[in-house]
Every structure is written in structure tokens, then in C-alpha cells.
Amino acid sequence: ERLAVPPAVAHVVAQLMSKDPACRPSSAQATIGALHAALDLPFDESPTIRESYLQAATFVGREAEMSLLACALHQARTGHGGAWLIGGESGVGKSRLLRELETLALVDGFVAIRGQAIQEQGASFQLWRDVLRQLLVVSVDVDDLTASVIGALVPDIDDLLGRPIMPAPPLDGQAGQIRLLTSIVSLFERQSEPIVLLLEDLQW
């Protein structure tokens with residue numbers, strides 16, 4: 001018995017199979033819209049809804065990479081940390097691979113911290129601002145001097161720590177940079193659990 005296909009849906013399928021590229025929908029988004037219209041369904045897919053489907057999809061095709069990263073997690077757990085660079089063209093699954101690694105790390109008791117560089121927003125230490133905010137939330141006993149230095153990058157540090165933080169005395173040039181870097185390192189060293197630091201879009 002042949003399956004009855006609504007004429008409007010059959011029309012969209014015919015367009016997709018056309019030999020003439022000009023007759024096909026111009027994009028995946030246009031195809032989704034045409035199918036929704038053909039089925040008389042509301043087209044209300046948001047980025048959040050779309051991302052939820054992508055995250056729920058079965059993770060396949062990265063067994064070798066996940067095996068290497070799982071091994072790196074085990075080594076970090078035993079005190080032998082490391083750094084890994086995950087590269088590739090846009091859309092090949094790097095972000096999904098990082099999400100799987102983050103899940104694996106959280107299950108294993110790691111603190112997972114994320115940061116992301118942003119194109120054309122190259123302010124000094126921009127990549128570290130969100131990282132530091134997340135570290136401050138999970139840190140304990142952050143001293144006032146470290147907090148005052150970190151506060152230059154985290155304007156809402158008073159709210160995060162639940163107490164007023166005075167600005168650090170100004171230091172110019174290399175001395176100021178060394179003090180900032182030392183304070184960032186100190187914040188990492190305060191963590192009792194191992195940390196997985198996930199930094200995305202480093203090309204920016």
C-alpha cells in the first residue's frame with residue numbers, strides 16, 4: 001500500500017530533487033520553512049530549540065579523539081596535567097567534542113571552566129573575563145589583594161564574593177601585568193579539585 005503524501009509536501013520534495021539548482025530551496029532554513037508551510041505547522045524554531053536537538057543527538061565518529069581526551073583526564077586526575085589543541089574547519093564538531101569532554105570531566109569530579117574569544121573584541125585579557133568569574137564563584141577564601149587585582153577584569157567581583165572589594169593600587173607596565181598574571185595563577189591554585197579549562201575560538 002502506497003503512503004499518501006500531501007501534495008504540498010510532494011511539491012517541496014520535488015523541488016529538493018530538481019536537477020536545476022535554481023529550483024531548489026536556497027538553504028536548509030528555507031527548506032525547513034517550506035516543509036512547515038506545507039504541513040501547516042508554525043515555524044518557531046529558535047536557536048535554543050535547535051541546539052537542544054543537536055545536543056541530544058547521539059555522539060558518533062569521534063571515538064579516537066574522546067579516547068585520547070579521556071586518557072588526558074585520567075592523567076590530570078593523577079597530577080599530570082596537560083594542554084590539548086583541538087583544530088579543524090568550522091562545523092566539523094569541535095564544540096560538540098568539547099561538550100562531551102566537559103560532561104565526562106564533571107562526572108569524574110572535575111571543575112569545568114569555559115572561556116571563549118570573540119572576533120573583533122580584542123580587549124586585553126578578554127578571553128579570561130568569564131573564566132575568572134567562574135573561578136571566583138567556586139573559589140574559597142579569596143584574599144582581598146588577589147580579589148582587588150582580579151577586580152580590574154571582573155567589574156561585579158563585589159557581588160560574586162559577597163563583600164566590597166577595593167581597587168588595587170595602580171602599577172604601570174610590566175609590573176602591573178606580572179601582578180595580574182600572578183593573581184590569576186593564584187586563583188587557579190586555590191582549587192582543591194582538578195580543573196578542565198575549555199577555551200574556544202582561540203584564533204581570535
Side-chain angles (χ1 to χ4, degrees), residues 51 55 62 65-66 68-88 90 92-204:
E51 187 69 13
Q55 292 187 28
R62 291 289 184 270
E65 291 89 343
M66 278 306 301
L68 287 172
L69 293 172
C71 182
L73 281 181
H74 175 72
Q75 291 176 341
R77 170 62 76 183
T78 59
H80 302 283
W84 289 76
L85 177 63
I86 300 173
S90 178
V92 299
K94 300 185 298 296
S95 294
R96 177 64 190 270
L97 180 62
L98 288 181
R99 283 197 296 271
E100 293 295 322
L101 173 62
E102 182 180 19
T103 300
L104 189 62
L106 290 171
V107 169
D108 200 23
F110 283 74
V111 173
I113 304 289
R114 299 186 74 100
Q116 185 168 17
I118 301 174
Q119 185 179 10
E120 298 177 354
Q121 292 190 16
S124 296
F125 293 93
Q126 176 273 323
L127 174 66
W128 294 98
R129 293 175 187 268
D130 283 343
V131 170
L132 294 174
R133 293 187 81 260
Q134 294 170 69
L135 272 176
L136 287 166
V137 169
V138 298
S139 294
V140 294
D141 300 327
V142 180
D143 63 272
D144 286 345
L145 177 58
T146 298
S148 66
V149 175
I150 296 294
L153 298 178
V154 185
D156 59 340
I157 193 168
D158 298 43
D159 295 332
L160 293 172
L161 295 182
R163 68 179 193 270
I165 300 297
M166 299 298 294
L171 278 180
D172 294 328
Q174 187 176 13
Q177 188 175 51
I178 290 174
R179 182 178 67 177
L180 178 58
L181 293 173
T182 301
S183 298
I184 292 174
V185 170
S186 172
L187 204 56
F188 275 95
E189 290 177 336
R190 292 174 185 275
Q191 305 308 311
S192 58
E193 298 297 330
I195 296 174
V196 171
L197 179 62
L198 306 168
L199 303 176
E200 294 196 69
D201 294 330
L202 292 180
Q203 72 273 17
W204 304 126

First locate atom [atom1] of [X], then atom [atom2] of [Y], and finally report the distance between them rounded to the nearest 0.5 Å.
X    : Y    : atom1 : atom2 : value
T78  : L73  : OG1   : CG    : 11.0 Å
L101 : L68  : CG    : CG    : 11.5 Å
I113 : R133 : CD1   : CZ    : 11.5 Å
Q177 : Q174 : CD    : CD    : 7.0 Å
L202 : Q116 : CG    : CD    : 10.0 Å
L160 : L136 : CG    : CG    : 6.0 Å

Looking at every heavy atom in both [X] and [Y], which two are closest together, and how far apart are they?
X    : Y    : result
S148 : A168 : OG-CB, 3.5 Å
I195 : F188 : CD1-CD2, 3.7 Å
S186 : T146 : OG-OG1, 4.1 Å
I86  : K94  : O-CD, 3.8 Å
L161 : A147 : CD1-CB, 3.7 Å
L106 : F110 : CD2-O, 3.7 Å

Is any side-chain heavy atom of [Y] closer than 4.5 Å to one of [X]?
X    : Y    : result
D201 : Q203 : yes
I150 : L135 : no
R77  : E193 : yes
L104 : M66  : yes
V154 : W128 : no
D143 : R190 : yes

Original post:
Looking at L181, L180, T182, which hits side chain to side chain contact (heavy atoms under 4.5 Å, CB included) with I178?
Top reply: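 It is T182, the one option of L181, L180, T182 that forms the side chain to side chain contact (heavy atoms under 4.5 Å, CB included) with I178.
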
**OP:** Report, as yes or no, whether the 6.0 Å neighbourhood of atom CG on D172 holds more than 12 heavy atoms from other residues, nucleotides or ligands.
**Re:**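 Check fails, neighbour count at 12 or below.
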
Looking at [Y], is its backbone amide N or carbonyl O close enough to the side chain of [X] to form a donor-acceptor pair, meaning the two atoms are under 3.5 Å apart?
X    : Y    : value
Q134 : D130 : yes
D158 : I165 : yes
R114 : L198 : no

